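All values derive from a computational prediction rather than experimental measurement.
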Amino acid sequence: MGSLHHLREETFELVRVLDPDGNLVGEPAPDLTDEKLLEFYRWMVFARLFDERCLNLQRQGRMGTYAPLSGQEAAQVGSAFALQAEDWVFPSYREHAVTMIHGLPMENVLLYWMGREEGNQIPPDVNVFTVAVPIATQIPHAVGAAWAAKIRGDRRAFIVYFGDGATSEGDFHEGCNFAGVFKVPLVFFCQNNQFAISVPLHRQTASETIAQKAVAYGFPGVRVDGNDVLAVYKVTKEALDRARAGEGPTLIEAVTYRFGPHTTADDPTRYRAREELEEWRERRDPITRMRRFLTARGLLDEEADRAIAEEARQRIAAAVRTVEQKPKAPPESIFDYVYAQLPWNLQEQRRELLEELGRAGATEAGGTAALGARSSGTNAAAGSPAGGMNAAAPGAQGRQGGGR
Amino acid sequence: MAKLTIVQAVADALRTEMELDERVVVLGEDVGVNGGVFRATEGLYERFGENRVIDTPLAESGIVGAAIGMAIYGLRPVAEIQFEGFMAPAFDQIVNHAARIRTRSRGRFTCPLVIRAPWGGGIRAPEHHSDSPEDWFIHQPGLKVVIPSTPYDTKGLLIAAIRDPDPVIFFEPKRIYRAFRQEVPEEAYTVPIGRARTVREGRDVAIFTWGAMVRIVEEAAEELAGRGIECEIVDLRTLSPVDVDAIVAAVQKTGRALVVHEAPKTGGFGAEIVALINERALLHLEAPVYRVAGFDTPMPLFHLEDYYLPNKQRVIKGVERVLNF
């Protein structure tokens, strides 16, 4: 028992730069400019307001089921800012702030949750993979991509996001095991928000921490205060640097709390004590913590704070307007991307749909031709826009959507 | 040209394509130093090294999931699942991800992945080593399903599968891995995915089949020929997308048809072929299309395996039934 206690207390103690009152404690603060510190804050406020707007849109029937992130802003913003533009992000379905910071336009996120496939079409210069809904399944993908980068000699890091529930899945274990064995340049980033829908952490695992699971796979595990944006930035940057230096994977457990439901289809009052929620919301809100820190440093006052929120609201409103004004996608587009070349059965079914729509005789081209249809049995996919992850283009120059 | 068995043709296809395309990597359990439990990857490890012929931990979902990541990052992975029955742990990754990545990302990301597995019964193997699960994958849009029956087709189809821009499930009929040899060109060549092969011409009845059953049907046809009954045998080779034109043409020619497969009958691909014939060639039919198939039971252990698998007599009875309707 003594040694286990030692492991938890010594190796997996919570890394913290700011205490809940915004005072510097423990770890030395990362070396960041005032402007960067304010940018962290701006993104956290933006993420909270984006989340509130999406919940609101869902209640009005203008958005489908949505997975809110409120409470997890520091975990997402801190880790996303640690990335370099050429690094790759493999999200689950809750990392809206991460993906937008890494360059995904806000319109994509809105479109996706409004049930439109276009949202999943990541712009070619943005190194973000599409949303994974089944739990933990994106972990082996990230391992494979990082492994391929290593085999190809690319010097870049990968990060994969998942929740505490994902650590119960076989794919988490298989992914960690592969990553450890093959020493791939990947950071496993667990946002431990305490609940997998309704099931609390102690029902997911008998481990004292999630970070300590890394021991089993032969690489470092770090436990960080997930509501402390500076601490999250610091540990993630170290882990990404390790990955880039060829030192292999790291598991980060960001200890945080989801303020809202798992998704808009869920009612958290059935499984969560009000006092617990209040404790996290009143005492440990990541945005309040950063606000106090910035205010004490003289970087923020009430007026500037209001301006930050107002600017965010305007950006969000403009994006919602743009997205809602988009014309409906053509129904026959459901056939466009199933295969590189449309097989006969899909061609027939596409024709049937066009007839049903009163558009018989419309072009057979569809999106497949637009993709630059390739016959099977050629190697043409090499370097073509639709082939591979396009990561072959080194550097992934520039980014869209108001990243950094 | 060398005379190769099917399993040698697999190794030859991998070697040929790996030499031409450095993005091709092979991964799975025991594929490296050991050369695969059936020796389907024999010699590759020595030739291409541990970065291209990768012995992985024993974890099917991990193998396929990681191979998906490799494929989207620009490699051309060929993942081996040691036996078809062990594809179940990788099923989530295959149907929920490999098959859907192109659609989900609207073409931004693609998954040019081949998953190979020895397939089917008849080799006296333990449980989960003799199944015929092609129907799991035929029903999933976004996948292609290929099952060769000759060494020549094996090499050509496997190279076509590796070059295919979409995920291909490549099942190898292990019962005939070493049953016979055939001349196979040394250089790379492809056999197109989606095209059937007419194994034998005949005017009386068309038999549609694939994999190890092709040999069984040929034996039956030989015996029937002695009685003056001429069978046309169509080896479908690709089950998804299937060669519907070849099916319709053979039915139009013969007016009678039989489907032979070793997978369980209910909901099997034979039913799909019957439906296609109904939709496209009903008025050419002189009799209902029958199916000779495996029973709707789990594949028995090998003591009773021969009673499960369709044999020559069952095929002959099926043909007689179609002819005597």
Side-chain angles (χ1 to χ4, degrees), chain A residues 88 90 117-118 120-124 129-134 137-149 151-152 170-171 173-175 177-178 181-182 333-334 336-341 343-346 367 370-371 374 376-382 385-392, chain B residues 20-21 23 25 51-52 54 56-57 59-77 89 92-93 96-97 99-110 112 141-142 144 156 159-166 168 190-194 240-245:
Chain A
W88 272 96
F90 283 70
E117 309 269 355
E118 302 97 299
N120 259 335
Q121 193 166 42
I122 315 283
F129 196 59
T130 47
V131 166
V133 172
T137 50
Q138 73 279 19
I139 295 173
H141 305 164
V143 171
W147 190 0
I151 289 170
R152 288 167 52 158
D171 273 355
H173 169 76
E174 296 186 24
N177 193 47
F178 275 57
V181 168
F182 296 102
S333 67
I334 60 176
D336 287 352
Y337 299 100
V338 184
Y339 297 95
Q341 270 196 313
W344 64 268
N345 50 334
L346 274 74
L371 270 177
R374 300 177 297 273
S376 58
T378 74
N379 253 337
M389 199 157 179
N390 308 324
Chain B
L20 289 175
D21 185 348
R23 299 171 302 169
V25 297
N51 272 338
R52 293 188 66 198
I54 306 163
T56 66
E60 285 78 14
S61 188
I63 292 167
V64 173
I68 288 170
M70 289 177 156
I72 59 186
Y73 199 77
L75 296 184
R76 290 289 176 127
D92 182 22
Q93 286 292 347
N96 281 331
H97 296 289
R100 300 166 79 123
I101 281 170
R102 180 187 292 278
T103 294
R104 185 183 301 144
S105 68
R106 293 176 69 82
R108 165 71 206 275
F109 303 115
T110 64
K144 296 181 179 180
I159 292 175
I162 295 169
R163 295 180 187 180
D164 197 281
D166 290 311
V168 179
T190 57
V191 169
I193 290 174
S240 179
V242 74
D243 188 345
V244 68
D245 295 338

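- Contact tally against chain A (heavy-atom pairs below 4.5 Å) for B:V244, B:N51, B:I54: the top residue is B:V244.
- Between B:Q93 and A:H141 the shortest side-chain heavy-atom distance falls below 4.5 Å.
- Using a 4.5 Å heavy-atom cutoff, the side chains of A:W147 and B:P77 are not in contact.
- Remark: the backbone N or O of A:I151 is not paired with any side-chain donor or acceptor of B:R52 at under 3.5 angstrom.
- Both the backbone and the side chain of A:A149 come within contact range of chain B, with heavy atoms under 4.5 Å apart.
- Taking each heavy atom of B:A59 and A:E174 in turn, the nearest pair found is CB-OE1, 3.3 Å.
- Residues B:P241 and A:W344 approach most closely at CB-NE1, 4.3 Å, considering heavy atoms.
- Only the side chain of A:V181 comes within contact range of chain B, with at least one heavy atom under 4.5 Å from a heavy atom of that chain.
- Nearest heavy-atom pair across B:P57 and A:N177 is CB-ND2, 3.5 Å.
- Only the side chain of B:I101 comes within less than 4.5 Å of a heavy atom in chain A; its backbone stays farther off.
- Between B:T110 and A:Y339 there is no side-chain heavy-atom pair separated by less than 4.5 Å.
- The aromatic rings of A:F129 and B:F109 sit tilted relative to each other, their planes meeting at an angle between 30° and 60°.
- Of all non-hydrogen atoms in B:L75 and A:A148, the two that sit nearest each other are CD1-CB, 3.5 Å.
- At a 4.5 Å heavy-atom cutoff, the contact between A:V131 and chain B is made by backbone atoms alone.
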query: Is there a side-chain contact (heavy atoms from CB on, under 4.5 Å) between A:E117 and B:S105 once you walk through the steps?
result: CA-CA 8 Å; A:E117 309 269 355; B:S105 68; over 6 Å; no
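- Shown here for A:A340 and B:D166, the closest heavy-atom pair between the two residues is N-OD2, 2.7 Å.
- Of the residues B:N96, B:D92, B:I68, the one that meets the side chain to side chain contact (heavy atoms under 4.5 Å, CB included) test with A:T137 is B:D92.
- Across B:T56, B:V191, B:V64, B:D245, the residue that shares the most heavy-atom pairs under 4.5 angstrom with chain A is B:T56.
- Residues B:H97 and A:P140 fail the side-chain proximity criterion, which asks for heavy atoms closer than 4.5 Å.
- Screening B:R100, B:R104, B:R108, B:R102 for a side chain to side chain contact (heavy atoms under 4.5 Å, CB included) involving A:Y337 leaves a single residue, B:R102.
- For the pair B:G62 and A:F178, the tightest heavy-atom approach, listed with the atom from each and the gap, is C-CZ, 3.7 Å.
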message: Please determine whether side-chain contact (heavy atoms from CB on, under 4.5 Å) holds for the pair B:I72 and A:F90, giving the CA-CA distance in whole Å, both sets of side-chain angles, and the decisive distance to 0.1 Å.
response: CA-CA 12 Å; B:I72 59 186; A:F90 283 70; 4.0 Å; yes
